[in-house]
Enquirer: 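My questions all concern the structure below.
Letters A, B, ... are given to chains in the order of the sequence lines, protein chains preceding strands, and every chain is numbered from 1.
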Protein chains: 2
Amino acid sequence: MVKKAQSSARREESLSRESIVEASIALLDAKGESGLTFRALADRLNTGPGAIYWHVANKADLLTAACDAMIARAMNAAQEGATPREIIRNVALGMFDTIDEHPWVGSALNRAPGQLPMVRILERLGQQVSSLGVAKDAQWQATSALLSYILGVSGQNAANAQIGREQNYDRETFLQTVAASWLQLDASEYPFARSVAAQLSVHDDRADFLAGIDLILRGIEAQQAD
Amino acid sequence: MVKKAQSSARREESLSRESIVEASIALLDAKGESGLTFRALADRLNTGPGAIYWHVANKADLLTAACDAMIARAMNAAQEGATPREIIRNVALGMFDTIDEHPWVGSALNRAPGQLPMVRILERLGQQVSSLGVAKDAQWQATSALLSYILGVSGQNAANAQIGREQNYDRETFLQTVAASWLQLDASEYPFARSVAAQLSVHDDRADFLAGIDLILRGIEAQQAD
DNA sequence: ACCTGAACACCGTTCAAGT
DNA sequence: ACCTGAACACCGTTCAAGT
């Protein structure tokens, strides 16, 4: 736990985009979204904040690069599956698990529309939607529906984790707090919210997520049957 | 266009949570997400930044309150529809249009999981999913699938608008930039992204959004037929 | 070509002091 | 009870100066 014992020591290796991205990921994993600052990063890399700008355009660029490294790994790991349908489910679950472990990926992803991280996911999904036999002119809509759904869940999981970190809540405590607040809503105005409040803290996020994917896949199949 | 002509003038009305939220919405609409600061808000309200904290817990609270006001309006406007299916589509379109006009609502919404703004949407959707005849134990999954999809699209639209504002791009220019970057991807690795790049700048976001809702609704119906 | 680190122009939030 | 505004502890980013 020695702090900066060698603060003025020279780095052994020179800075590079990769080493900066790697250090950013470590920082984000350890301290969450707010943990990534140019000063903290410079400390960890034994350099000054200005040096980082030689290799990286700005913070958004850095965050997207860190996110992309994570997505690339997740997409490579989620290759297998016997049918297009199974591969789509595996890609989706790969995303879910990545964001479960690294919540910051969820918000970084949502803040970089059209960028490489998102295109990686779009590509995997699109190829399988195509293999599913969806008509050429319906492939975009089917694929972007899947992608939007995945991004939606990712964003929420990221936000949940963020709040949990800020308030030192675990998942359980957070959901119980939410459930309690739903139960205090007006009974005639919010019957549905109140009726599902109870299952909120016991439900399985991952299973629910997959159920949503299945719903969209069924919709795609039903459309093909027309 | 007189600026601060009366900067030291007393406010005519005293501060209130409502007036603060109202001023926040005006600021967010005019200057985007980054336009909402306690200093800018204090200026507009002829007060100091500290005064705002008497009525509002912190910035997250303020943003959620502003978001909630917008969602409440949208949900009240999207009441009509002959069938549950039509009401669901109208609720979804109401959200789409709200975020199209006020992009900051999309990101505020995504950052406040379990909070009132989201519950308002969940409730509307849930009531209609229930009316659709979905079995009791499948209602939560169907409703949250719809909600997650809506949140996903909302988040992307918000991010698109945010980038557009930062770079002074209009929608068209932004999408053309994205399409151009997709066309530069490796042809064997990214066949799908390249094949859809062309339609990217001419596609109709709103129609695509609705197509996704329809896909999920079909999935729900298919599940009921089991 | 790459790095340094002080400086700039901001933030959200707090809090003693006022009314 | 409510407001004031200076002060605190941060940010991302820039840039003259170094090597």
Side-chain angles (χ1 to χ4, degrees), chain A residues 3-4 6-21 23-24 27-28 30-67 104 107-108 111-112 162-163 165-167, chain B residues 4 6-24 27-28 30-67 104 107-108 111-112 162-163 165-167:
Chain A
K3 260 193 175 174
K4 280 232 225 173
Q6 294 285 88
S7 72
S8 60
R10 277 251 135 204
R11 285 184 311 285
E12 279 122 49
E13 301 148 43
S14 66
L15 274 184
S16 68
R17 198 170 212 269
E18 295 79 53
S19 65
I20 291 171
V21 167
S24 299
L27 219 38
L28 286 161
K31 314 246 181 178
E33 285 179 64
S34 64
L36 181 63
T37 69
F38 279 81
R39 283 168 182 84
L41 196 52
D43 271 2
R44 185 180 269 262
L45 292 165
N46 274 319
T47 183
I52 297 167
Y53 280 88
W54 188 265
H55 303 275
V56 149
N58 50 43
K59 191 168 179 180
D61 177 33
L62 178 56
L63 198 58
T64 301
C67 174
W104 57 270
S107 47
R111 260 180 266 155
Q162 170 81 346
I163 291 172
R165 182 184 285 275
E166 279 166 8
Q167 325 220 319
Chain B
K4 278 229 223 177
Q6 295 285 89
S7 73
S8 60
R10 277 251 136 203
R11 285 182 311 286
E12 279 123 49
E13 301 148 42
S14 65
L15 275 184
S16 67
R17 197 170 213 269
E18 295 77 55
S19 65
I20 292 171
V21 167
E22 200 186 324
S24 300
L27 219 39
L28 287 160
K31 314 247 179 176
E33 285 180 64
S34 65
L36 180 64
T37 70
F38 279 82
R39 282 168 183 83
L41 196 52
D43 271 3
R44 185 181 269 263
L45 292 165
N46 274 319
T47 183
I52 297 167
Y53 280 88
W54 189 265
H55 303 275
V56 148
N58 50 44
K59 191 169 181 181
D61 177 33
L62 179 56
L63 197 59
T64 301
C67 174
W104 56 270
S107 47
R111 260 181 266 155
Q162 169 81 348
I163 291 173
R165 183 184 283 274
E166 278 165 9
Q167 324 219 317

Enquirer: Determine the minimum heavy-atom distance between A/Gly35 and A/Ala40, stating which atoms define it.
Expert: O-CB, 4.0 Å
Enquirer: Nearest heavy-atom pair of B/Asn58 and B/Tyr53: which atoms, and what distance?
Expert: CA-CE2, 4.1 Å
Enquirer: Name the pairs: protein N/O against N/O of nucleotides 9-11 of chain C, kept only if under 3.5 Å.
Expert:
| residue | atom | partner | partner atom | Å |
| --- | --- | --- | --- | --- |
| C/dC11 | N4 | B/Arg39 | NH2 | 3.3 |

Enquirer: Given atom CG of A/Leu45 and atom P of C/dG5, what is their separation to the nearest angstrom?
Expert: 14 Å
Enquirer: Can you name the residues that form a side-chain hydrogen bond (donor to acceptor under 3.5 Å, both in side chains) with B/Glu166, not counting sequence neighbours?
Expert: B/Gln162
Enquirer: What is the separation between atom CD on B/Glu166 and atom P on D/dG12, rounded to the nearest whole Å?
Expert: 14 Å
Enquirer: Should A/Trp54 be listed as having a side-chain N or O under 4.0 Å from OP1 or OP2 of C/dC3?
Expert: no
Enquirer: Which pair of heavy atoms, one from B/Ala112 and one from B/Thr64, lies closest together, and at what distance?
Expert: CB-OG1, 3.8 Å
Enquirer: List the residues meeting side-chain hydrogen bond (donor to acceptor under 3.5 Å, both in side chains) with B/Arg17, not counting sequence neighbours, and say none if there are none.
Expert: B/Asp61
Enquirer: Distance check needed: D/dC2 C1' versus B/Asn46 CG, whole Å only.
Expert: 16 Å
Enquirer: Would you name the heavy atoms of A/Gly48 and A/Ala42 that are closest together and state the gap between them?
Expert: C-CB, 3.5 Å
Enquirer: For A/Leu41, which residues count as a side chain to side chain contact (heavy atoms under 4.5 Å, CB included) partner, sequence neighbours excluded?
Expert: A/Ile20, A/Ala23, A/Ser24, A/Leu27, A/Leu36, A/Leu45, A/Ile52, A/Leu62
Enquirer: A/Leu62 CG to D/dG12 C1': how many Å, rounded?
Expert: 12 Å
Enquirer: Quick one: stems for DNA chain D, with Watson-Crick or G-U pairs under 3.5 Å, at least three in a row?
Expert: C:4-8 with D:12-16, C:12-16 with D:4-8
Enquirer: B/Cys67 and B/Ala108: which non-hydrogen atoms are nearest, and at how many Å?
Expert: CB-CB, 3.7 Å
Enquirer: To the nearest 0.5 Å, how far apart are CZ in B/Arg111 and CG in B/Leu63?
Expert: 6.0 Å
Enquirer: Detail all sub-3.5 Å separations between protein N/O atoms and N/O atoms belonging to nucleotides 15-19 of chain C.
Expert:
none

Enquirer: So which atom in A/Leu28 and which in A/Glu33 form the shortest heavy-atom distance, rounded to 0.1 Å?
Expert: CD2-CA, 3.9 Å
Enquirer: Whole angstrom is fine here: how far is it from CG in A/Leu63 over to C1' in D/dG12?
Expert: 13 Å
